[in-house]
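Values reported hereafter were calculated over all heavy atoms of this structure, with side chains retained and with hydrogens, waters and symmetry mates removed. One-based numbering, in listed order, for ligands and for the atoms of each.
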Amino acid sequence: MNRKFDIDLSGKVVTITGAGGVICGGIAEELACSGAKIALLDLNLEAGDKIAGKIVALGGTAKAYKCNVLEKESIIACHEEILKDFGKTDILINGAGGNNPKATTDNEFCSYEDMDIKDFFALDESGVKFVFDLNFLGTFLPTQVFAKDMIGRKGCSILNISSMNAFTPLTKIPAYSAAKAGISNFTMWLAVHFAKVGIRVNAIAPGFFVTNQNRELLFDKSGNPTPRTNKILNATPMGRFGEVSEIMGATKLLISEDEASFITGVVLAIDGGFNAYSGV
Ligand code: NAD
């Protein structure tokens, strides 16, 4: 990891949802190196444990908790355990999220031809609800549980994870796009709501990073780039995917009470220029 820009998180408790995943696992490792005690929440305990083990092996402080961000009872149970293990959470990173094939159309554009494919009309309501809930409620509920402890305490903040599709929706994934647009909007809502009680709320909007939730959309079974990958790279002026290490500077900046003390309600793109490019 590139540690040229560092912040001091000694004594801080950072709770991260989706922390067993590629992006948030990387964030967990990075923030542990800055001195934070890391609570890793994930539906997949084994994945969280793996990252926690790596952090502890390097001399850091971390523990994984099994948590379903869609079930308030599960979040409350983790909250109680974290209070006992580490104390009150200073920084919450809402990272659990992703798309699902059940909420993905086969076609980019509706056509006049009759096609026997999963088009917009065939999308399963339960799949759409699942993806919308995972990304929106999965941020809303942990914020309800953990932000209460932050009120009136110095240096507390929340970081949400939005996406490129919040600015302009991507084809095929209407629920994920709408939910991430909801996250950007909710980030601003929370920033205003908590402004007078000392909690800053911001979001990062990663461009394209190869992780578990999008690998199948980006590469075929033989590992060759799909046509969608070629489109993405052509639409990214820097012409490549992002590296997880490239998310760390923005993350550390936005959660830093010293460097970002007057920054709240922003959604910061980390995208190699994707959002700025019209394609022409
Ligand atoms: P990932 O699949 O590697 O990680 C997601 C993690 O969330 C997994 O460990 C998974 O077990 C966990 N999770 C799923 N459902 C959960 C639930 N109900 N409760 C608790 N944990 C749950 O994906 P990633 O790409 O690292 O995604 C991290 C975040 O970044 C997501 O919010 C994603 O939408 C967002 N994002 C990713 C990209 C990208 O290019 N990969 C781009 C923009 C935004």
Side-chain angles (χ1 to χ4, degrees), residues 15-30 39-52 64-78 92-104 129-142 145 159-170 173 175-184 186-187 203-219 228-229 232-233 235-236 240-248 250-251 267-272 274-275:
T15 294
I16 308 176
T17 72
V22 176
I23 291 178
C24 289
I27 291 176
E29 288 179 40
E30 182 79 13
L40 299 104
L41 274 52
D42 205 293
L43 197 53
N44 181 347
L45 181 61
E46 208 183 319
D49 266 337
K50 221 168 155 182
I51 312 271
Y65 304 81
K66 186 174 173 67
C67 180
N68 185 349
V69 293
L70 297 176
E71 290 174 7
K72 200 149 177 195
E73 287 313 312
S74 166
I75 308 165
I76 290 170
C78 289
L92 171 68
I93 300 183
N94 283 309
N99 188 42
N100 186 284
K102 276 196 199 155
T104 306
K129 188 173 174 346
F130 172 78
V131 168
F132 197 87
D133 284 354
L134 172 59
N135 290 281
F136 187 77
L137 265 190
T139 289
F140 188 98
L141 297 176
V145 173
L159 187 71
N160 295 329
I161 306 199
S162 185
S163 168
M164 279 307 101
N165 56 42
F167 301 103
T168 307
L170 301 184
I173 50 175
Y176 185 58
S177 295
K180 288 299 191 185
I183 288 301
S184 292
F186 183 50
T187 298
I204 52 170
F208 295 87
F209 295 73
V210 182
T211 66
N212 302 326
Q213 53 115 359
N214 58 14
R215 199 165 274 118
E216 279 177 30
L217 268 175
L218 301 176
F219 296 96
R228 194 167 177 89
T229 285
I232 288 168
L233 296 182
T236 302
R240 63 173 175 86
F241 289 114
E243 300 286 338
V244 171
S245 60
E246 294 175 302
I247 288 182
M248 302 310 153
T251 298
V267 180
L268 181 54
I270 309 166
D271 67 343
F274 181 92
N275 189 45

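Of the protein's non-hydrogen atoms, I161 CG2, 3.4 Å is the one closest to atom 30 (O) of ligand 1. Annotation: atom 19 (N) of ligand 1 to nearest protein heavy atom, V69 N, 3.0 Å. Among protein heavy atoms, atom 25 (O) of ligand 1 sits closest to T211 OG1, 2.5 Å. From the protein, the heavy atom lying nearest to atom 33 (C) of ligand 1 is Y176 OH, 3.4 Å. Looking only at protein heavy atoms, the nearest one to atom 23 (O) of ligand 1 is Q213 CG, 3.2 Å.
Look at A19 and you'll find every heavy atom at least 4.0 Å from all atoms of ligand 1. Within the structure, ligand 1 lacks E71 among the residues with a heavy atom less than 4.0 angstrom away. Assignment of G138 to the shell around ligand 1 is not supported, since no heavy atom sits closer than 4.0 Å. Remark: distances from the non-hydrogen atoms of T17 to ligand 1 are all 4.0 Å or more.
Among G26, G21, G25, the residue whose heavy atom lies closest to atom 1 (P) of ligand 1 is G21. Between atom 44 (C) of ligand 1 and the options G97, A203, A179, S162, the minimum heavy-atom separation is to S162.
When only interatomic distances are considered, the shortest N/O to N/O separation between L70 and ligand 1 does not fall below 3.5 Å. Residue S163 has no nitrogen or oxygen atom sitting less than 3.5 Å from a nitrogen or oxygen atom of ligand 1, judged on distance alone.
In A205, neither the side chain nor the backbone holds a heavy atom less than 4.0 Å from any atom of ligand 1. Contact annotation for K180 and ligand 1: only side-chain heavy atoms (C-beta onward) come within less than 4.0 Å of the ligand. Under 4.0 angstrom from ligand 1, there are no non-hydrogen atoms of A47.
The aromatic rings of F140 and F186 sit parallel to each other, their planes meeting at less than 30°, with 60° as the upper class boundary.
Interface of N68 with ligand 1, defined as ligand atoms under 4.0 Å from a residue heavy atom, comprises 17 (C), 18 (N), 19 (N).
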